[in-house]
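Start at 1 with the first residue, then count along the sequence. Worth saying up front: this structure is predicted, and the values here are computed from it rather than measured.
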Amino acid sequence: MTIRTEQIVSRINNEALRQAATACLDVADRYKSRSAIIKKDVALTDIGRVKALRDEATKDYLPALQAAYKPIADAMADARKARHAFSIPAPDPTNIAGALERQEIRAMLKTMAPAARLKLLIGTAVDERIADAVLTAPAALSGMEDHFDLALESAIDRRFGDRVAGVRAAQEIADAAEAAMLVARNDIKAISGVDDRTFQAMEKEGVDTPWLKREISNGREIIRRIVPGATASEATGEEIAMGKFYGNYAEYLADHPGVRPVNVAA
């Protein structure tokens, strides 16, 4: 592990995500080393070197980055799903008196100065009727377009406490791991020497080929995605459609030269 990598991943307080982030940065480091060899290859013309850098990034290193990033993407999706479980319930549509009260509250808030509105909505001593009036309607109706998310997070903190704090902590760890992937992505883009549009096209073309394996569990066939160095998981429909049933790790590596070999059972 390089000093830079160690510095970047040191704040990721989850071993699996720290390893995934390290793997992302390792892909970029290997591409940098490979680019140095390509640039010194006297058998290539200047145009040939540029093409080789792009081709290898597309075929080998961007798919490897995508594969290394998968545990981070999964963690981010899990965190978003957990976060969405904490929401403000919709009001009872049959309660006309409640609807009128919320309408009056929103009208009152809209005439107030922003600081005065926030004072009524942020903190621990908040009348939840006011919060509900704001959070169960479009922000423009209460003049809260600029501070709606702040009011929402404050309400969720009050109502869900420690449970949502744990979810936020998981989100922050996943965000830190994703930041490492973005560093690696930017490194590869810079070394390849292409503009944003070209690089995005390279990413779309350079799709990882998942390693698939058939297993029988309780009489049912299950197709799992094998991720070298990590725990296998049941493959999604998209992974099955794009995957390949490799016979062993050597076959997988032959299709993924950008992947750093790890110790796995063949």
Side-chain angles (χ1 to χ4, degrees), residues 1-2 4-28 62-90 118 121-126 128 131-132 134-139 142 144-189 196 199-200 203 207-208 210 225 227-239:
M1 181 185 298
T2 66
R4 186 187 76 150
T5 295
E6 188 173 359
Q7 290 174 338
I8 292 173
V9 305
S10 62
R11 63 194 183 96
I12 303 173
N13 298 320
N14 176 286
E15 181 60 27
L17 294 185
R18 186 162 51 247
Q19 289 182 5
T22 300
C24 289
L25 293 164
D26 187 63
V27 171
L62 288 175
L65 180 62
Q66 184 185 81
Y69 175 61
K70 186 178 185 303
I72 301 172
D74 290 345
M76 294 190 68
D78 290 343
R80 283 194 297 269
K81 182 178 179 181
R83 171 63 181 78
H84 289 325
F86 302 106
S87 60
I88 307 301
L118 285 177
L121 291 162
I122 305 301
T124 56
V126 172
E128 298 299 342
D132 285 340
V134 170
L135 300 174
T136 58
S142 54
M144 287 290 293
E145 297 98 318
D146 294 335
H147 302 105
F148 185 88
D149 288 344
L150 185 61
L152 176 61
E153 292 304 314
S154 180
I156 289 174
D157 281 339
R158 291 193 304 274
R159 300 180 191 190
F160 299 105
D162 292 343
R163 287 188 295 158
V164 74
V167 170
R168 284 205 182 104
Q171 179 69 64
E172 289 174 2
I173 293 171
D175 287 345
E178 184 185 45
M181 183 280 293
L182 293 174
V183 169
R185 179 185 182 274
N186 289 338
D187 284 352
I188 294 173
K189 178 179 177 294
D196 289 342
F199 192 73
Q200 289 168 6
E203 288 181 306
V207 177
D208 178 44
R225 175 175 181 171
V227 179
T231 303
S233 59
E234 188 165 351
T236 66
E238 182 179 2
E239 289 169 345

Review point. Quick one: which of D187, V27, L25 gives a side chain to side chain contact (heavy atoms under 4.5 Å, CB included) with L65?
Key: V27

Point to revise | Short side-chain to backbone donor-acceptor contact, R83 and F86, under 3.5 Å | key: yes

**Study point:** Where L17 and A174 come nearest, the two heavy atoms and their spacing
**Key:** CD1-CA, 4.1 Å

Exercise for review: Could you check H147 against L121 for side-chain contact (heavy atoms from CB on, under 4.5 Å), going step by step and ending with a plain yes or no?
Suggested key: CA-CA 10 Å; H147 302 105; L121 291 162; over 6 Å; no

Check your understanding: Above 12 or not: heavy atoms from other molecules or residues under 6.0 Å from CZ of R11?
Key -> no

**Study point:** E6, CD atom: more than 12 neighbouring heavy atoms under 6.0 Å
**Key:** no

Point to revise | Nearest non-hydrogen partners of A155 and L135, listed with the distance | key: CB-CD1, 3.6 Å

**Study point:** Short side-chain to backbone donor-acceptor contact, T136 and A90, under 3.5 Å
**Key:** no

Review point. What's the verdict on side-chain contact (heavy atoms from CB on, under 4.5 Å) for E178 and M181, showing C-alpha distance, side-chain angles and the deciding distance?
Key: CA-CA 5 Å; E178 184 185 45; M181 183 280 293; 4.2 Å; yes

Practice item. Drop me the distance from K70's NZ to C24's SG, to the nearest 0.5 angstrom. Key: 13.0 Å

Check your understanding: Rounded to the nearest 0.5 Å, how far apart are CD1 of I88 and CG of D132?
Key -> 6.5 Å

**Study point:** Q200 and D196: side chain donor to acceptor below 3.5 Å
**Key:** no

Point to revise | From CD1 (I188) to CG (L62), nearest 0.5 Å | key: 5.0 Å

Check your understanding: Any side-chain heavy-atom pair from M76 and Q171 closer than 4.5 angstrom?
Key -> yes

Check your understanding: Are there more than 12 heavy atoms of other residues, nucleotides or ligands under 6.0 Å from atom CD of E238?
Key -> no

Point to revise | A131 versus V126, closest heavy-atom pair with distance | key: CB-CG1, 4.3 Å

Review point. Distance from D26 atom CG to Q19 atom CD, nearest 0.5 Å?
Key: 12.5 Å

Check your understanding: Do R18 and T22 get their side chains close enough for a donor-acceptor pair, meaning under 3.5 Å?
Key -> no

Practice item. Could you pull out the closest heavy-atom pair between I12 and A21, with the gap in Å? Key: CD1-CB, 3.5 Å

Review point. CD/Q7 to OG1/T2 distance, rounded to the nearest 0.5 angstrom?
Key: 8.5 Å

